[in-house]
There are 4 protein chains.
Amino acid sequence: MSTFQRRAHEILEAAPEGDRVSRALDYFIIALILLNTAALILSTVRPIYAMAPALFQYLELVSVSIFVVEYLLRIWACTVEPRYAHPVYGRLRFALSPLLLIDLLAIVPFFLPLLGLEDLRFLRAVRLLARAARLGRYFRGIRTLGTVISSRGYELLTVVLVLAVMLVLASALMYFAEHQAQPDAFASIPEAMWWSVITLTTVGYGDVSPVTSLGKIMAGVIAIMGIGMFALPAGILGSGFLEEIQRRNRGPQVCPHCGGELED
Amino acid sequence: MSTFQRRAHEILEAAPEGDRVSRALDYFIIALILLNTAALILSTVRPIYAMAPALFQYLELVSVSIFVVEYLLRIWACTVEPRYAHPVYGRLRFALSPLLLIDLLAIVPFFLPLLGLEDLRFLRAVRLLARAARLGRYFRGIRTLGTVISSRGYELLTVVLVLAVMLVLASALMYFAEHQAQPDAFASIPEAMWWSVITLTTVGYGDVSPVTSLGKIMAGVIAIMGIGMFALPAGILGSGFLEEIQRRNRGPQVCPHCGGELED
Amino acid sequence: MSTFQRRAHEILEAAPEGDRVSRALDYFIIALILLNTAALILSTVRPIYAMAPALFQYLELVSVSIFVVEYLLRIWACTVEPRYAHPVYGRLRFALSPLLLIDLLAIVPFFLPLLGLEDLRFLRAVRLLARAARLGRYFRGIRTLGTVISSRGYELLTVVLVLAVMLVLASALMYFAEHQAQPDAFASIPEAMWWSVITLTTVGYGDVSPVTSLGKIMAGVIAIMGIGMFALPAGILGSGFLEEIQRRNRGPQVCPHCGGELED
Amino acid sequence: MSTFQRRAHEILEAAPEGDRVSRALDYFIIALILLNTAALILSTVRPIYAMAPALFQYLELVSVSIFVVEYLLRIWACTVEPRYAHPVYGRLRFALSPLLLIDLLAIVPFFLPLLGLEDLRFLRAVRLLARAARLGRYFRGIRTLGTVISSRGYELLTVVLVLAVMLVLASALMYFAEHQAQPDAFASIPEAMWWSVITLTTVGYGDVSPVTSLGKIMAGVIAIMGIGMFALPAGILGSGFLEEIQRRNRGPQVCPHCGGELED
């Protein structure tokens with residue numbers, strides 16, 4: 001029995017070099033997730049869904065069945081690893097690890113409607129997010145995003161806190177300036193935040209913009225001083241992500257002449 | 001008496017390690033400011049305010065009372081510090097320090113309407129700004145913004161001066177190109193500045209845009225050459241802010257040659 | 001014969017120092033491509049095209065004839081180079097090299113209509129792209145773009161993969177939030193991608209924007225966290241391009257310890 | 001006579017330390033230019049101009065008179081400098097130096113209408129530009145912009161050349177995709193360039209945007225790959241400008257422990 005378990009564990013985890021069966025299963029699961037995600041996307045295009053609704057439902061049924069079997073096999077085989085060795089508590093701790101919770105989230109939304117829960121839109125969104133996160137198990141590029149978010153956690157948190165204060169201040173100032181002229185668009189400070197976010201990220205749809213002179217002057221000052229601050233979280237994520245890719249892409253740099261390591 | 005004053009001073013200033021009473025007061029004041037700010041924001045949402053207008057007024061009354069007591073206690077206790085030791089002039093100089101002026105600004109707007117001054121909108125904006133600034137006393141992240149603005153003062157001032165010149169030039173050029181075709185949107189050079197700010201920050205609401213060929217060509221050249229300049233103040237603030245966060249997050253840097261500590 | 005071939009080869013390739021004939025031909029071809037491109041652009045301006053339609057067709061006929069002769073001469077003369085020495089296979093391999101394929105693409109669209117293929121719009125686009133790429137043979141600045149794209153291939157590919165995942169997720173979330181309120185703009189996940197691209201690049205036309213509260217909150221979070229990621233491919237291209245220009249503009253860099261030349 | 005000339009020359013050029021008369025004249029000229037520019041801006045605001053049209057004309061007359069006297073005095077006194085010593089050719093070469101040409105451009109537009117030339121709009125734009133450039137004689141911040149543009153000339157030129165090619169390609173592709181669906185907005189390739197500039201700078205007014213599926217897909221790819229390239233000229237100017245400010249603001253950096261210069 002232990003041999004079966006060990007082999008199952010090897011096959012289910014990301015393939016070691018040269019293990020063809022394990023690698024084949026990885027590719028199969030990746031293909032299934034991609035197919036499934038494509039189906040979920042295409043099923044929202046009415047003419048395509050109308051062509052073969054049964055096909056979309058059948059594909060979902062089949063892939064969820066496979067995901068369930070895979071999930072149960074993982075739980076069954078995890079006791080091979082010393083830290084999850086206990087047949088009950090080990091398996092429980094394994095089931096509560098982040099990767100397994102994501103696996104569970106990719107399965108559960110399928111069964112909730114059977115229990116009477118019917119908000120399909122929300123369940124579909126969760127399903128899609130969970131399956132995209134599952135891809136991270138296999139693609140380093142996607143997983144890197146998670147690494148970057150947690151390694152820059154302190155910076156992101158501080159910046160987001162300050163942005164929240166700036167957002168409230170900008171919204172309050174614009175509310176006080178524009179409320180009388182545009183009682184709908186600037187109905188309250190929380191509603192004025194929509195203007196603040198769209199302006200400070202420089203998206204600028206134009207659905208809400210100041211019309212009074214005071215509002216325009218304040219909007220100009222807020223935009224010039226604030227857009228760099230709102231570019232920070234995205235910039236931290238982006239530059240951290242790029243650094244990670246480049247670090248993996250090359251070894252440490254050395255001077256080709258003296259062989260000494262260069263600090264980059 | 002002096003012992004009371006010393007203890008009051010200790011409790012009111014940011015808590016030293018291990019002083020539980022001082023720390024508790026800090027948390028209480030922070031909670032009060034946050035609650036107060038949330039109330040100010042929510043009171044602009046008509047249905048929420050309509051539910052309990054008395055509650056919002058009562059909350060404001062209570063918190064201003066606490067802020068007044070806190071403010072007076074600070075003034076009373078400040079003579080403990082050697083540089084504010086003189087009972088009259090010391091207290092006066094202390095009352096004129098930036099932090100205490102901000103504390104005052106957070107209180108005064110409540111009393112002005114009693115004196116017949118009635119522009120509530122403006123007073124509310126001042127109140128909100130002053131209370132957000134007060135939070136900076138307790139949160140390093142927010143205070144850092146102030147540090148960055150003053151440490152980059154020379155760069156910011158030079159850039160803002162040049163931006164003002166560019167803004168005038170861009171507005172004048174577009175006014176001369178578009179005034180005849182759009183006498184409303186480009187009614188004068190000052191009004192054309194709205195176009196310049198919204199274009200050069202790349203917000204681009206679309207409420208004002210050139211329609212003549214000359215105007216479009218000039219707008220394109222202005223946009224390509226100018227948007228980087230208008231990103232500078234926000235970029236200076238943003239990068240300075242990020243540097244500050246990272247400097248605090250890691251240890252001091254050393255010179256690679258002699259091992260001595262470097263200031264940056 | 002071999003002397004003619006050698007001379008033809010010398011003249012056709014980018015001019016060596018001091019070879020006046022070769023340089024003159026280079027300038028002639030560059031002028032022809034620029035003239036041709038200008039003609040293609042101007043021919044889309046109806047009043048200009050209407051003035052002299054025959055002129056535009058004649059110019060195209062003449063330049064394609066010259067390009068054909070140039071192309072055939074290159075094929076004929078390439079056997080001078082040792083690696084393309086074989087009269088049949090050498091020429092075939094030469095004809096399949098990227099530069100020659102681009103040359104072919106600049107010619108072929110002229111002949112396809114004669115074969116009954118009639119989608120002129122698509123052919124004109126191909127012709128224009130191929131001729132712009134041909135200019136890269138002569139202008140380092142344009143060729144640099146190609147160098148940068150291939151040298152940063154790994155980064156670009158990883159980033160584009162992650163962007164695709166983010167694009168799908170953002171579109172799906174907004175589809176679930178806005179589909180009921182705006183069944184046209186957010187008709188399906190693929191159609192919601194238009195919103196995602198235009199928002200995450202901060203272009204923000206305003207033709208599609210969320211109207212529900214949930215949609216606005218999600219759009220704000222997506223914009224703040226995502227715009228930096230979508231700025232990455234363009235930023236990688238841009239910074240790589242700038243580095244290339246600057247590297248060429250200054251001398252090679254040396255290791256500060258041993259004085260040897262460094263590659264970067 | 002020579003003493004008068006020497007003194008006039010000293011007073012007219014930027015003030016040396018401690019020369020009070022020269023410094024006073026500098027301040028007077030700066031104030032006059034600022035006043036004049038403010039008047040030009042305000043004169044476009046109809047209600048303000050209507051209040052006192054004579055005042056604006058009188059101010060212009062007085063300041064042009066002063067500028068003319070200043071200009072003639074500079075020409076008369078320049079022979080003090082050895083390189084402009086020749087009474088005729090020296091003065092001519094001095095009059096053709098960039099700074100003097102700018103001084104001339106700030107004067108000439110006033111006299112052209114007297115000669116029958118009447119395009120006041122264009123003349124006013126020239127006058128404004130020339131006077132803003134004159135300010136650069138006195139403010140380092142503004143003059144720095146000129147220094148940066150010429151020191152980064154090679155990069156700017158290469159980038160602008162490549163942008164021109166990208167602009168043509170993007171416009172052509174969108175023209176071919178959108179011309180049939182929007183024959184007005186995408187009437188020709190030159191007119192499609194308006195879309196390209198506004199999209200690639202991420203301004204995104206929304207007055208022109210693709211409506212076909214092909215157009216939207218191409219616009220998305222163009223935006224993601226191209227916006228970084230179009231941010232380059234502005235970024236080069238901006239970062240160069242900031243470097244210049246910071247270089248002037250601090251001396252060379254040294255390690256505070258060993259006194260060795262650090263490379264920055």
Side-chain angles (χ1 to χ4, degrees), chain C residues 37-38 40-49 120-125 128-129 132 135-136 139-142 144-145 149 156 160 163 167 190-191 193-194 196-198 200-208 227 230-242 244-246 248-249 256, chain D residues 152 154-166 168-169 171-177 179-180 183 186-193 198-211 213 216-232 235-236 239 263:
Chain C
T37 308
L40 184 57
I41 293 169
L42 289 176
S43 72
T44 65
V45 185
R46 201 171 300 261
I48 293 179
Y49 184 75
L120 281 169
R121 289 196 307 155
F122 177 70
L123 292 180
R124 271 161 137 186
L128 195 69
L129 282 170
L135 276 180
F139 290 106
R140 260 205 323 210
I142 298 167
T144 300
L145 255 193
I149 290 176
L156 283 174
V160 164
L163 290 192
L167 195 65
E191 279 181 67
M193 285 184 191
W194 175 240
S196 304
V197 171
I198 292 310
L200 287 167
T201 54
T202 80
V203 171
Y205 290 129
D207 54 346
V208 184
I227 50 183
F230 272 74
L232 284 186
I236 293 170
L237 282 185
S239 71
F241 185 64
L242 212 60
E244 275 292 311
I245 299 177
Q246 286 170 336
R248 286 174 180 179
N249 205 17
Chain D
R152 303 284 164 108
Y154 180 73
E155 279 93 337
L156 283 174
L157 210 78
T158 313
V159 167
V160 165
L161 182 88
V162 173
L163 290 193
V165 172
M166 290 179 71
V168 168
L169 287 183
S171 308
L173 289 173
M174 289 305 285
Y175 166 76
F176 293 128
H179 176 58
Q180 287 192 324
F186 293 90
S188 65
I189 293 179
E191 281 182 65
M193 285 184 190
I198 292 309
T199 299
L200 287 167
T201 54
T202 80
V203 171
Y205 291 130
D207 55 347
V208 184
S209 64
V211 296
S213 295
K216 286 181 175 179
I217 292 169
M218 274 172 28
V221 174
I222 289 171
I224 292 177
M225 301 309 283
I227 51 184
M229 296 300 300
F230 273 74
L232 284 186
I236 293 170
S239 70
E263 291 250 312

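In what follows, every chain begins at residue 1, and chains take the letters A, B, ... in the order their sequences are listed. Bear in mind that the values here come from a model prediction, so they are computed numbers and not experimental data.
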Visitor: Does any backbone or side-chain atom of Ile224(D) lie under 4.5 Å from a heavy atom of chain C? Answer side chain, backbone, both or neither.
Guide: both
Visitor: With chain D, which of Val197(C), Leu129(C), Leu40(C), Ile236(C) has the greatest number of heavy-atom pairs at distances under 4.5 Å?
Guide: Leu129(C)
Visitor: Let me confirm one number: the OG1-CD1 distance from Thr202(D) to Ile198(C), rounded to the nearest 0.5 Å.
Guide: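 If we round to the nearest 0.5 Å, Thr202(D):OG1 and Ile198(C):CD1 are 10.5 Å apart.
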Visitor: Would you mind telling me which of Thr158(D), Leu161(D), Val162(D) has the largest number of heavy-atom pairs within less than 4.5 Å of chain C?
Guide: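 When all of Thr158(D), Leu161(D), Val162(D) are compared, Val162(D) has the most.
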Visitor: Can you name the side chain to side chain donor-acceptor pair (under 3.5 Å) partners of Thr199(D), sequence neighbours left out?
Guide: Tyr205(C), Trp195(D)
Visitor: Name the option with the most non-hydrogen atom pairs under 4.5 Å to chain C; the candidates are Thr201(D), Leu232(D), Val165(D), Leu200(D).
Guide: Leu232(D)
Visitor: Working to the nearest 0.5 Å, report the span between CE of Met166(D) and CG of Leu237(C).
Guide: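 With rounding to 0.5 Å, CE (Met166(D)) is 7.5 Å from CG (Leu237(C)).
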Visitor: Counting only heavy atoms closer than 4.5 Å, note whether Ile217(D) contacts chain C via side chain, backbone, both or neither.
Guide: neither
Visitor: Are the side chains of Ser43(C) and Ile189(D) in contact, using a 4.5 Å heavy-atom criterion?
Guide: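 Side-chain contact under 4.5 Å: no.
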Visitor: With a 4.5 angstrom heavy-atom cut-off, could you sort out which part of Val203(C) is near chain D: side chain, backbone, both or neither?
Guide: both
Visitor: Does any heavy atom of chain C fall under 4.5 Å from the side chain of Val159(D), the backbone, both, or neither of them?
Guide: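 Answer is both: backbone and side chain atoms of Val159(D) are under 4.5 Å from chain C.
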Visitor: Taking ring pair (Phe, Tyr, Trp, His ring centres under 6.0 Å) as the test, write out the residues that go with Tyr154(D), two or more places apart.
Guide: none
Visitor: With chain C, which of Ala187(D), Ser171(D), Pro190(D), Ser213(D) has the greatest number of heavy-atom pairs at distances under 4.5 Å?
Guide: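 Going by pairs under 4.5 Å, I would pick Pro190(D).
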Visitor: Just so I understand: if I count every heavy-atom pair under 4.5 Å between each of Glu191(D), Lys216(D), Met225(D) and chain C, which residue has the most?
Guide: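 Heavy-atom pairs under 4.5 Å are most numerous for Lys216(D).
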Visitor: To the nearest 0.5 Å, tell me how far Thr44(C) OG1 sits from Phe186(D) CZ.
Guide: 12.5 Å
Visitor: For Leu173(D), which atoms come within 4.5 Å of any heavy atom of chain C: side chain, backbone, both, or neither?
Guide: side chain
